A.B. asks: 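Handing you a structure now.
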Amino acid sequence: MLLTGTVVADPGTVIEDGAVVVDGSEIAAVGGREELVDRFPDRERRAFDLVAPGLVGAHVHSVQSIGRGIADDAALLEWLFDHVLPMEAEMDAEATRAAAELGYLECLESGTTTVVDHLTVHHSEAAFEAAIDLGIRARMGKVLMDADSPSGLEQDAETALAESESLLREYHGAADGRIRYAVTPRFALSCTEACLRGCRELADRHDGVRIHTHANENREEVEAVEERTGTSNLRFLDEVGLTGPDVTLAHCVHTDERERELLAETGTVVTHCPSSNMKLASGIAPISEYLDRGITVALGNDGPPCNNTLDPFTEMRQASLLGKVDALDPTRLPAERVLGMATAGGARAAGFDRIGALREGYRADVIGLSADRARTTPIHDPVSHLVYAAHGDDVAFTMVDGTVRYDDGEHVGVDAGEIRERATRHAKRIAERI
Ligand SMILES: [Zn+2]
């Protein structure tokens with residue numbers, strides 16, 4: 001296939017009147033349209049206003065999709081323990097499957113081709129199957145909770161780790177490597193030290209497995225961890241082995257100087273979730289400072305109950321605007337930097353090579369956008385357009401690993417209406433029970 005349009009190959013490389021050639025699951029060439037049409041004359045051609053790398057949602061909760069709107073206007077710990085965890089505890093395998101499918105549909109139709117997905121305690125296999133079938137690229141894992149958790153979700157550490165390892169053996173590397181495993185403890189407050197150390201050991205026993213958890217999201221959480229462990233959250237996570245280049249930490253809003261040094265020294269990846277941080281009034285993460293210290297930062301929508309959308313374009317815009325207003329400096333977090341967080345930064349958070357840019361030899365994760373509305377006219381600077389003006393609704397085409405998953409407003413190969421109906425049915429049933 002040969003995709004034409006203004007190509008944003010990466011935040012620093014824009015090709016006006018460009019093209020991307022896809023061969024199987026890889027990108028065969030990126031360059032000027034005329035030259036590539038000459039070189040590849042027989043390819044099926046598709047034209048868009050903009051062609052860009054698929055975006056990475058580096059911290060999402062697909063299985064919370066059926067909870068969109070169940071817990072607005074609440075603070076984190078109340079939001080979590082009174083609304084979201086009771087919902088997860090009520091979810092059976094079918095509800096988990098429907099919720100994950102709904103989440104992946106939303107991602108694919110709004111330009112996200114890769115997710116780092118924080119699942120739930122039970123029935124996570126249903127979400128793995130959903131990701132395999134719907135075609136999204138995913139780093140995902142079952143959630144571990146072995147302390148101070150609702151009775152329907154708490155497990156002993158041994159059971160939680162054994163279930164994780166079993167899922168890891170079953171799904172890590174599935175779908176030609178499109179699916180990869182992350183060991184996923186919920187957060188320090190819902191896990192014992194033994195469980196967290198067990199997470200590190202489990203990840204180390206298997207090649208290419210990452211660790212994904214929440215950290216330093218909210219002041220109350222940070223104080224509670226300090227009271228329990230006698231040290232700060234990130235120092236504690238570092239002591240038990242949950243820092244390093246194979247670790248993705250969502251949020252990192254409230255960190256002290258030593259914790260920031262630790263993130264930089266250990267090469268830990270941070271996922272910034274600006275909409276969630278604003279909606280839960282968690283605070284403003286010091287993202288410019290992290291980037292200046294050389295810390296890799298990715299972007300995530302977090303879950304539909306705290307956002308309430310998985311649109312990655314919203315997240316890019318919010319990240320930039322929040323960084324500017326925080327510093328009272330409009331030069332902070334410019335569009336190129338933010339697009340880098342949603343692409344190359346996300347690739348690091350997800351632990352996939354050769355994604356996050358359009359380059360020869362990279363995986364063919366590509367999106368095509370249209371710009372045929374008043375809101376999207378004119379386009380002076382395509383990178384600015386993607387970060388400040390575009391919406392997920394502008395995405396006309398989504399390809400993952402060389403397979404077209406969304407085309408001209410329609411999901412390919414799945415009945416999206418049926419999935420939405422099924423998800424709504426489970427959402428209503430569960431909402432009534434909680
Ligand atoms: Zn989260």
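In listed order, ligands and their atoms are each counted from 1. Everything numeric here is computed off the predicted structure, so don't read it as measured data. Counting from 1, the numbers follow the sequence of the chain as shown.
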A.B. asks: Check whether any N, O or S atom of His214 sits under 2.8 Å from the Zn ion (ligand 1).
C.D. replies: yes
A.B. asks: Decide if the gap between the ring center of Tyr388 and the ring center of Phe313 is smaller than 6.0 angstrom.
C.D. replies: no
A.B. asks: Less than 6.0 Å separating the ring centroids of His118 and His212?
C.D. replies: yes
A.B. asks: Name of the Asp302 N, O or S atom nearest the Zn ion (ligand 1)?
C.D. replies: OD1
A.B. asks: Looking at Arg405 and Asp365, does any basic side-chain N land under 4.0 Å from a carboxylate oxygen?
C.D. replies: no
A.B. asks: Go through the side-chain N and O atoms of Asn216 and Asn233 and say whether any donor and acceptor fall under 3.5 Å apart.
C.D. replies: yes
A.B. asks: Could you grab the angle centred on the Zn ion (ligand 1), going from NE2 in His59 to NE2 in His61, to 10°?
C.D. replies: 100°
